[in-house]
**Q** 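Mind looking over this structure? Questions follow.
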Protein chains: 2
Amino acid sequence: MSGAAPLAEFKVGVDNVIFSVDPEQQRLFVLLIKRLHPPCQHQWSPPGTLVRHGESLEAAARRILQEKIKVHNLYLEQLYTFGAPGSDRASAPHRYLSVSYFALVRREAAELITREGGMTAWFSVPSLPTLAFDHHNILNYGLRRLRNKLEYSPIAFEVLPDVFTLNEVYQLYCTVLGENFADYSNFRARLLKLGILQDTGVKASRGAGRPASLYRFDAIAFEPLRHKPLVFV
Amino acid sequence: MSGAAPLAEFKVGVDNVIFSVDPEQQRLFVLLIKRLHPPCQHQWSPPGTLVRHGESLEAAARRILQEKIKVHNLYLEQLYTFGAPGSDRASAPHRYLSVSYFALVRREAAELITREGGMTAWFSVPSLPTLAFDHHNILNYGLRRLRNKLEYSPIAFEVLPDVFTLNEVYQLYCTVLGENFADYSNFRARLLKLGILQDTGVKASRGAGRPASLYRFDAIAFEPLRHKPLVFV
DNA sequence: ACAAAAGTGTTGACCATACACCCATGC
DNA sequence: GCATGGGTGTATGGTCAACACTTTTGT
């Protein structure tokens, strides 16, 4: 406002921590790309992009996501804004500000778009390569948020297809929170008691065994619970 | 990266939603300043500032906070980054990005610094004036976050003085979460059971009635619980 | 002695856990 | 029939809300 405060000029980028769950393998993956140019050439990073003129932050996040994977059901949310000066990611006159987002998809529903020879890949979360810059922090932060969100908000149902079995929900939770987060029958009982799932009546046969009921997320029933404390554990 | 992507240039600002609790009055306040210059002249806003060259985001947030109030114990955390294009807060060639922070202080411990004639003031949360831009959203978002944080993380103890009575904690919670969030004796029992408060043995007489024990937050005892789910309710 | 504030204890309702058990289907 | 996975029930222990009660101070 007043006289001689030397303000900073910024380039603003969006970095996307994109998680995918694979209930088959019981594993959680993160999408990383290999950096083709300096700085930090040949190191891995979550996919990022600079924000374009007239483009909202979330739009930039979605744009880059769509450049890397083709997917319909996903959850996307802003994570944190990292803006320490001197991480010198931008050319000299500008400072770089990174607004990070995290996304969750199911791996089977996410088709990887590989261009220019396989520089995009899913990495299993426990076994990650070294990452450029402070991206390890971003990623850990994203992981914490993912686990928390799963416990108290219904993001699972934004990732799952329109109808799904309770076991699919359970597998998703197991994959993210670890096998022993809860007994299946208790998980099931809690989930149903919330009253936000409709039984469609339709049965789904997955190979051998008794066919499972297909459920649908009931957004209307959930609405009153929206801002209440909830436990999906 | 590639050819003709028209990138945006940004000025980055920090906007601070500063809450103060007044257990005496049982009220929650927000610090607002009256805008002296266009745009939105004469409207109220949370205090904000543009980020200076070489200054981190959090440093900018602390700088502006210190310009407005003098306080020792406070809690400060990044809230959200708002960056929709076309909210035209900045001069033409630049887009404006607002990284919001929220802070919590006790009102008795926060001395207001008034300069140039009373353009800074605490507003009681239920009765706010109309705010400039989308600041109403920022504020509501901050309030939600404050209430959540109080329930599952020990931010209260960063705001309270080094030693405090359990009643002071309770009053703080009441003021933020509403009178009827919990019975005092139950709150007390839960809090003590967590084992993160040390009884100093010292008693404090607050006028009539039995003197209260003074407690101290035990950071070492809390450390192992740091990332575990907790309920302070 | 009495009021005021701090601190303790009790009880019934509810909820989570662990586990055993029943049901429907493929082979 | 029997293995496989889906779905239901129950006993135990713990936790929580509500409220009555005791203790220690000021006046």
Side-chain angles (χ1 to χ4, degrees), chain A residues 23-26 150-152 156 160-161 163-175 177-216 225 228-233, chain B residues 23-26 150-152 156 160-161 163-175 177-216 225 228-233:
Chain A
E24 312 291 315
Q25 294 187 54
Q26 280 267 57
L150 212 59
E151 288 187 7
Y152 64 78
L160 290 165
V163 295
F164 46 82
T165 69
L166 293 180
N167 223 307
E168 284 172 336
V169 186
Y170 182 65
Q171 293 306 328
L172 198 161
Y173 272 79
C174 280
T175 308
L177 299 179
E179 183 114 32
N180 308 321
F181 80 98
D183 179 279
Y184 172 60
S185 79
N186 297 324
F187 175 78
R188 185 192 157 80
R190 233 172 307 160
L191 205 51
L192 289 177
K193 188 150 46 77
L194 290 174
I196 59 177
L197 296 185
Q198 299 174 331
D199 190 338
T200 63
V202 184
K203 304 290 178 186
S205 256
R206 305 263 195 269
R210 177 174 172 174
S213 278
L214 288 172
Y215 285 82
R216 175 180 284 116
L225 308 174
K228 302 233 186 316
L230 264 184
V231 183
F232 290 84
V233 172
Chain B
E24 312 291 315
Q25 294 186 55
Q26 279 268 56
L150 213 59
E151 289 186 7
Y152 63 79
L160 289 165
V163 294
F164 46 83
T165 69
L166 293 180
N167 222 309
E168 284 171 335
V169 187
Y170 181 65
Q171 293 306 328
L172 198 160
Y173 272 79
C174 280
T175 309
L177 299 178
E179 182 113 36
N180 307 320
F181 82 97
D183 179 279
Y184 171 61
S185 78
N186 296 325
F187 175 77
R188 184 192 157 80
R190 233 172 308 161
L191 205 51
L192 289 177
K193 188 150 45 83
L194 291 174
I196 57 177
L197 296 184
Q198 299 173 331
D199 190 337
T200 63
V202 184
K203 304 290 179 186
S205 256
R206 306 263 194 269
R210 177 175 173 174
S213 278
L214 288 172
Y215 286 82
R216 174 179 285 116
L225 308 174
K228 301 233 185 317
L230 266 183
V231 183
F232 290 84
V233 171

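It should be emphasised that the depicted structure is a prediction, and the values quoted were computed from it without experimental measurement.
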**Q** Count the heavy atoms of every other residue, nucleotide or ligand shown that sit under 6.0 Å from CZ of B/Arg190, and state whether that count exceeds 12.
**A** yes

**Q** Can you tell me which nucleotide in C/dA18, D/dT25, C/dT8 comes closest to the side chain of A/Asp183?
**A** C/dA18

**Q** What nucleotide, of C/dG26, D/dC19, C/dG7, holds the atom closest to the side chain of B/Asn186?
**A** D/dC19

**Q** Think A/Arg188 has a side-chain N or O under 4.0 angstrom from the OP1 or OP2 of D/dG6?
**A** no

**Q** In whole angstrom, what separates A/Arg210's CZ from C/dC22's C1'?
**A** 8 Å

**Q** Using atom CG of B/Leu192 as one end and atom P of D/dC16 as the other, report the distance to the nearest whole Å.
**A** 14 Å

**Q** Whether A/Ser185 contacts C/dC19 is assessed here as follows: a side-chain N or O lying under 4.0 Å from the phosphate OP1 or OP2. Is that the case?
**A** no

**Q** Take the protein atom CG of A/Leu166 and the nucleotide atom P of D/dT8, then report the distance between them rounded to whole Å.
**A** 9 Å

**Q** For A/Phe232 versus A/Leu191, what's the shortest heavy-atom pair and its separation?
**A** CD2-CD1, 3.8 Å

**Q** Which heavy-atom pair separates A/Leu230 from A/Tyr152 by the least distance, and what is that distance?
**A** O-CB, 3.3 Å

**Q** On DNA chain C, check which nucleotide each of A/Ala182 and A/Gly209 is closest to and give me the residue with the more 5' one.
**A** A/Ala182

**Q** With distance as the sole criterion, do the side chain of B/Asn167 and the base of C/dA5 form a donor-acceptor contact below 3.5 Å?
**A** no

**Q** Whole Å only: how far is the NZ atom of B/Lys193 from the P atom of D/dA17?
**A** 11 Å

**Q** B/Leu191 CG to D/dC16 P: how many Å, rounded?
**A** 12 Å

**Q** Please give, in whole Å, the distance from D/dG9 P to A/Tyr184 OH?
**A** 14 Å

**Q** A/Phe181 or A/Ser205: which one's nearest nucleotide on DNA chain C is closer to the 5' end?
**A** A/Phe181

**Q** Please give, in whole Å, the distance from D/dG7 C1' to A/Leu197 CG?
**A** 15 Å

**Q** Base, sugar-phosphate or nothing for B/Arg190? Non-hydrogen atoms, less than 4.0 Å.
**A** sugar-phosphate

**Q** Could you point out which residue of B/Thr200, B/Leu197, B/Leu172 forms a side-chain contact (heavy atoms from CB on, under 4.5 Å) with B/Phe164?
**A** B/Leu197

**Q** Hey, is the main chain of A/Thr165 close enough, under 3.5 Å, to the side chain of A/Tyr170 for a donor-acceptor pair?
**A** no

**Q** Rounded to whole angstroms, how far apart are CZ on B/Arg206 and C1' on C/dA3?
**A** 19 Å

